[in-house]
Amino acid sequence: MSQRTRGDHLAAGSTRYGRGLIVPAALSTLGAAAIHLSVVPDHLSEYLPFGVLFLVTGAIQAALAVIAIVRPHRIVFVAVIGVAVGCMAVWTVSRTVGLPFGPNEKDIAVQGSDPLVVLLEVLTSSGLAGVITSLLELVSVLLLGVVLWRGPRARKSSRRWLAGTIPAAVPIAFAAFVGVEAGLNPLPYAVNMSTADSRTGTPMSILVEAPGTQPLRSFVLTAEVADVNGRHAWTYNGVVPGPELRVKQGERVRVTLVNHLPAPTTIHWHGYPLPNAEDGVAGLTQDAVKPGNSYTYEFVATIPGTYWYHAHQDTEHQVPMGLYGALVVEPSEATGYDVDRTVIIGDADLPDASQHIVAAPGQRVHLRVISAYGEDMTGDPEVLTVVGAPYQVVAIDGHDLNGPGQLGPERIMIDTGQRYDLAFTMPPSGQVRLVDTRKQTGSRLIRREWADLGSGPLPALPQGRLPVFDLTHYGAPAPDLVADASNFDVSATLAISNQVGIRYGSYQFVHMFNGRSFPDTPVILVHVGDLVRLQLVNLTDEYHPIHLHGHIMSVIARNGRRIEGSPVHLDSILVGPHETWTVAFLADNPGLWMIHCHILVHAAYGLSAMVSYVGIWTPYSIGTKSGNFPE
Ligand code: C2O
Ligand code: CU
């Protein structure tokens, strides 16, 4: 390049600015411009002034970047630096204290006390695009700062600057590419999950529990921050798990949620077939309850069994923080158990201490095991074993099994969301133990002793590999109108896959049903009275307990083999690696219902879909506008 190219004419005499730093700085600015432009469509629909601001900023940066290369001049560099510093300042304010105008991003529940974790969460919770833009801007500011400080110098024409520019261009282009991808896939602003038209359809908000004369049981659950065993927890009434709600079949349950948390929340009644408006899903059946507000849920305890409740707003964070508890509906007729207790497992935040349950020799015990959460990315289930007495699995997910046989020590796989009801008679001497025998890395074989019952010596753990409890071959066959149906009104397949990608503005291990992640996942449309057959196909190496709200599924087959024992009725189907489960349910509960993996990170990474009744719509929406994020 000659010493008198147009780009150099402003530099005095034979001196000029070296391109070695200008070109990378201009590329960084161009990258920031591209990311600003990539978020324009989203921001235009969210808040017009923001959209225009990003459009203008991106255009100005792009123009300055080009001018900086073709006509390098001090004034251009100062302008680039000025725009970059301004953008970084606005971004920092918006990510910390919030801008005093326009919509602000999602209220995130920042947990833990590690400042680095908190910082990362604040920076990336919804804005990989913002983080990368600011980094690129910082690079341009630093490089141009050096250029200005050095000033123009006499230099020979050479292409030496290329030697530095090409290696610098690669990471800059990569960062810009990632930023643009993130910008094009932002957190949703306002997604309404209705499939019906609000002018002709029925709003789900009228689908509440109708008044009635059932005996009333009222509870208050105050969601509040508390120190539990030295841990900063989010609790109901100060305890983790929350108080057990134990009612009788036929009673009317009224629960008032009072929110004293620093974030919005809801309560979902996991497994219970209640009216849609009582289901507690943020952005679908209600707005999340803001701090300081309260909300009342009401439903009739129509069926007995073991259920549980948990937050269904920002579930991925709120449940592990401690927002869950047991819901037990005792059957109206007498049961013949002397001891009836609940064990909630999977709460890795609690101290490693076993629950001791008093029981005398010869007493009949009903142990209700609830898996509230386990957060391995692989979704590995707990592997429970009962030792010390032969036992039966009398119910799964709250629904009785027919003719359950006696079991010796077996491995029961139970994953998040599932419930197993165990029954046994206390032996003449010694204790009965409920332990998790899941293999751990390292030398420890036993992860957790969950419960000991009775007194006397602890029975030894069985050696060697135990058989695995198989719910498809247990108990006695009986007719099941749903599983035995020969015709289904709706048949749907949900194939589960995963891959790394950008979703909700960040890199995620994206989880998908039929190749799409929530909220773009397929909707299973049903009418009241439909028999619906579902095929759950797991294409991954992970476990996925797939939970359907508001309905009870009958298991038909696993891997194409029909179940042979008792009919099995579940709300959470544990689909193991590369398994296929065939299930069916009767669509008898109109509304908009979620079906999702109960490994909370999988759901948060997109493994969630909808079963929607034709003609029903919701007035609520998911996204940053409302702050409702059910996952
Ligand atoms: Cu236990 Cu959608 O939840
Ligand atoms: Cu999963």
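On a predicted model such as this, the values are computed, not experimentally measured, just so you know. Just the heavy atoms: all of them, side chains too, but no hydrogens, waters or symmetry mates, feed the values below. Both ligands and their constituent atoms are indexed starting at 1 by order of listing.
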* Structure fact -> Applying salt bridge (Lys or Arg N to Asp or Glu O under 4.0 Å) to Arg533 and not counting sequence neighbours gives none
* Structure fact -> Residues at least two apart in sequence or cross-chain that pass side-chain hydrogen bond (donor to acceptor under 3.5 Å, both in side chains) with His260, listed by chain then number, are none
* Where the Cu ion (ligand 2) is the centre, what is the ND1-to-SG angle for His544 and Cys597, rounded to 10°? -> 130°
* **4.5 Å side-chain heavy-atom contact, Leu257 and Ile267** => yes
* Asked: Residues in salt bridge (Lys or Arg N to Asp or Glu O under 4.0 Å) with Asp470, at least two apart?
  -> Arg558
* Would you check if Met193 and Pro519 make a side-chain contact, meaning some heavy-atom pair closer than 4.5 Å? => yes
* To do: Name whichever N, O or S atom of His602 ends up nearest to the Cu ion (ligand 2).
  => ND1
* Atoms of the protein (N/O/S only) found under 2.8 Å from atom 2 (Cu) of ligand 1 -> His312 NE2, His549 NE2, His596 NE2
* Trp269 and Leu327, any side-chain heavy atoms less than 4.5 Å apart -> yes
* Is any NZ, NE, NH1 or NH2 atom of the basic residue among Asp571 and Arg419 found under 4.0 Å from an Asp or Glu carboxylate oxygen of the other? -> yes
